[in-house]
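This is a predicted model, so every value here is computed, not measured. Both ligands and their constituent atoms are indexed starting at 1 by order of listing.
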Amino acid sequence: MSPFGELWIWNDPALRDCLAWYLDVADNRRPAKFRIATTVPVSVDLDAEGTDGLWAELERLTPQFLDRLDAVRTGARLEEPTKGPSLLDLVSALAQRMLESCNFCQWNCRVDRASATKFGTCKLASGTRVSSFFHHPGEELVYRGRLGSGTIFFTSCNMRCAICQNGDISTDKDNGIEVDARILATMAWILRSEGCHNINWVGGDPTIHLHTILEAIRLLGRGADRPGRFDVANASLAKADPLSWTPLDPAVYTYEGRFNAPMLWNSNFFMTEDAMKLLRIVMDVWLPDFKFGPGDCAKTLARTPWYWDTVTRNLKVIHDWGEPYTIRHLIMPNHVECCTRPVLEWIEEHLPGAPVNVMDQFHPDTFTDPRSCKYQEKYAELSRRPTRGEIKQSYRIAQELGINFEALTFEKSVWGLGIYPHRRANRVTTK
Ligand code: SF4
């Protein structure tokens with residue numbers, strides 16, 4: 001067994017069960033889903049076929065893909081990639097079609113981002129910007145492992161959270177560098193070849209960049225070779241930690257001689273069901289944020305309608321699909337009863353046993369930080385960290401409900417003293 005699989009946290013049987021597929025891919029015992037998708041041929045012309053025809057093809061092929069995934073999961077060999085277009089090409093093609101009448105997320109703006117004649121809520125055209133990418137040392141241990149989570153921070157967001165913990169990235173759409181799919185694929189390749197345990201797509205929010213991400217994953221699935229030095233040099237402009245020009249042993253980042261890495265969707269989960277259907281084909285593990293309760297908090301703090309209905313629907317979808325996932329909930333000052341409690345109650349009722357990180361590291365940032373020039377007085381209730389009493393109360397609620405939260409929550413928290421000795425305090429990517 002590799003060092004990643006030997007980490008003490010995998011001794012927790014519930015976590016190991018929930019994340020078994022992800023762990024197998026991270027250790028290259030299994031090919032990632034995007035590799036399996038390259039073995040499923042499509043029977044339509046991706047350029048000539050109408051959009052409805054492409055969706056029908058996805059509906060037809062998804063059960064075949066899932067059968068193949070199950071076979072690989074239980075030890076079957078990975079078949080050779082198709083000579084012609086595959087399911088992986090199809091999901092990328094569908095994302096490009098969606099961009100022309102954008103419904104990546106629940107705002108459902110239906111603007112043509114490809115021609116940039118009109119902008120939706122995210123204010124983006126087809127371009128994608130990356131703020132930075134690096135080995136993230138602060139994610140949960142199941143993601144950061146020993147060598148870090150291969151995190152790619154996209155610029156911009158489709159929500160307007162006053163509580164955003166990455167406000168510098170999410171509120172400035174010109175932050176970072178512009179990337180195309182090829183540079184994005186190179187970033188992923190660099191991170192994995194340097195030993196990262198996963199490719200962590202995050203922001204802002206990654207949903208609004210779905211077309212570029214799926215095209216990058218398509219390139220990773222099709223291309224067997226390492227990227228050229230020119231691409232590496234371009235990508236490295238956004239690398240926030242030292243670049244290793246010498247990859248590790250290929251065993252670290254390949255399965256049967258070709259690039260392999262678990263894909264991690266680290267998102268606010270405000271995407272549409274159509275976006276979920278594409279992501280299902282390529283994401284090996286999901287990391288949803290579940291921030292607000294069913295009252296008005298999502299509207300007053302994030303200017304986001306339909307939040308509760310959308311996020312609970314999407315959580316239920318990945319649960320019913322049997323996907324590996326862990327949930328994050330950030331404790332906010334003055335929002336334990338209206339947000340933390342109903343969020344945890346809903347999880348207990350609808351996703352029993354789901355691993356949850358109940359996070360205590362909220363800090364005032366951007367609109368809630370009195371030291372920031374963007375501070376807004378109306379968010380004064382959020383201009384402090386949660387008190388010890390609020391944090392204890394949140395843990396008590398989780399305990400009383402029987403939520404599976406201790407392993408993820410306490411592994412790096414002072415609250416875990418005496419329970420998990422390997423804790424380490426670091427910032428995570430929660431937004
Ligand atoms: S990504 Fe969401 S917010 Fe942006 S244009 Fe598409 S539907 Fe609208």
Side-chain angles (χ1 to χ4, degrees), residues 51-52 54-55 58 91-131 152-164 166-167 169-176 178-181 184 201-217 263 265-283 286-292 298-315 317-318 367 431:
T51 302
D52 288 347
L54 294 186
W55 281 111
L58 181 69
V91 295
S92 177
L94 272 166
Q96 302 303 324
R97 298 286 180 96
M98 287 171 76
L99 188 73
E100 294 165 11
S101 176
C102 188
N103 68 329
F104 287 167
C105 80
Q106 203 63 33
W107 284 106
N108 199 23
C109 301
R110 295 288 177 179
V111 293
D112 183 355
R113 288 177 54 190
S115 66
T117 45
K118 231 175 148 188
F119 297 103
T121 301
C122 64
K123 295 189 167 50
L124 296 182
S126 59
T128 287
R129 297 183 78 86
V130 166
S131 176
I152 301 177
F153 276 98
F154 292 93
T155 300
S156 296
C157 195
N158 53 350
M159 290 180 68
R160 298 287 179 268
C161 301
I163 56 152
C164 186
N166 294 328
I169 299 168
S170 63
T171 62
D172 175 9
K173 73 180 178 58
D174 299 320
N175 186 290
E178 178 135 12
V179 297
D180 59 14
L184 200 51
W201 307 98
V202 68
D205 200 78
T207 305
I208 53 185
H209 303 287
L210 186 67
H211 56 302
T212 319
I213 293 171
L214 291 181
E215 178 62 9
I217 295 174
M263 299 293 159
W265 193 249
N266 184 348
S267 162
N268 60 28
F269 251 47
F270 195 63
M271 59 267 203
T272 55
E273 288 174 286
D274 281 352
M276 299 275 294
K277 286 177 189 169
L278 304 186
L279 290 166
R280 184 186 197 182
I281 305 299
V282 297
M283 287 301 142
W286 308 68
L287 180 49
D289 263 345
F290 193 179
K291 308 169 203 279
F292 304 113
K299 282 194 209 146
T300 56
L301 300 184
R303 289 189 275 150
T304 304
W306 325 296
Y307 176 84
W308 178 265
D309 290 348
T310 303
V311 173
T312 54
R313 177 197 70 203
N314 290 345
L315 286 168
V317 164
I318 56 167
F367 305 113
K431 296 160 287 297

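Crowding of R303 atom CZ: a count of heavy atoms from other residues, nucleotides or ligands under 6.0 Å not exceeding 12.
Ring-plane geometry between F270 and Y307 is classed as parallel, the angle between the planes falling under 30 degrees on a 0 to 90 degree scale with a further cut at 60.
Residue C109 approaches ligand 1 through these ligand atoms, each under 4.0 Å from one of its heavy atoms: 3 (S), 5 (S), 7 (S), 8 (Fe). Close approach to N108 involves these atoms of ligand 1, each under 4.0 Å from a residue heavy atom: 7 (S).
For atom 3 (S) of ligand 1, the closest non-hydrogen atom on the protein side is C122 N, 3.4 Å.
Atom CG of N314 is separated from atom CE of M276 by 4.5 Å, given to the nearest 0.5 angstrom.
Under the 3.5 Å distance criterion, with hydrogens and angles disregarded, a donor-acceptor pair is assigned to the side chains of D205 and T207. When only modelled atom types and interatomic distance are considered, D112 and T117 share no side-chain donor-acceptor pair under 3.5 Å.
When atom types are taken as modelled, the side chain of R97 and the backbone of W55 share no donor-acceptor pair closer than 3.5 angstrom.
Look at L124 and you'll find every heavy atom at least 4.0 Å from all atoms of ligand 1.
When distances to atom 4 (Fe) of ligand 1 are checked against a cut-off of 2.8 Å, C102 contributes no N, O or S atom below that limit. At a threshold of 2.8 Å, atom 8 (Fe) of ligand 1 has no backbone or side-chain N, O or S atom of C105 nearer than that distance.
At a 4.0 Å heavy-atom cut-off, ligand 1 does not touch Q106 at all.
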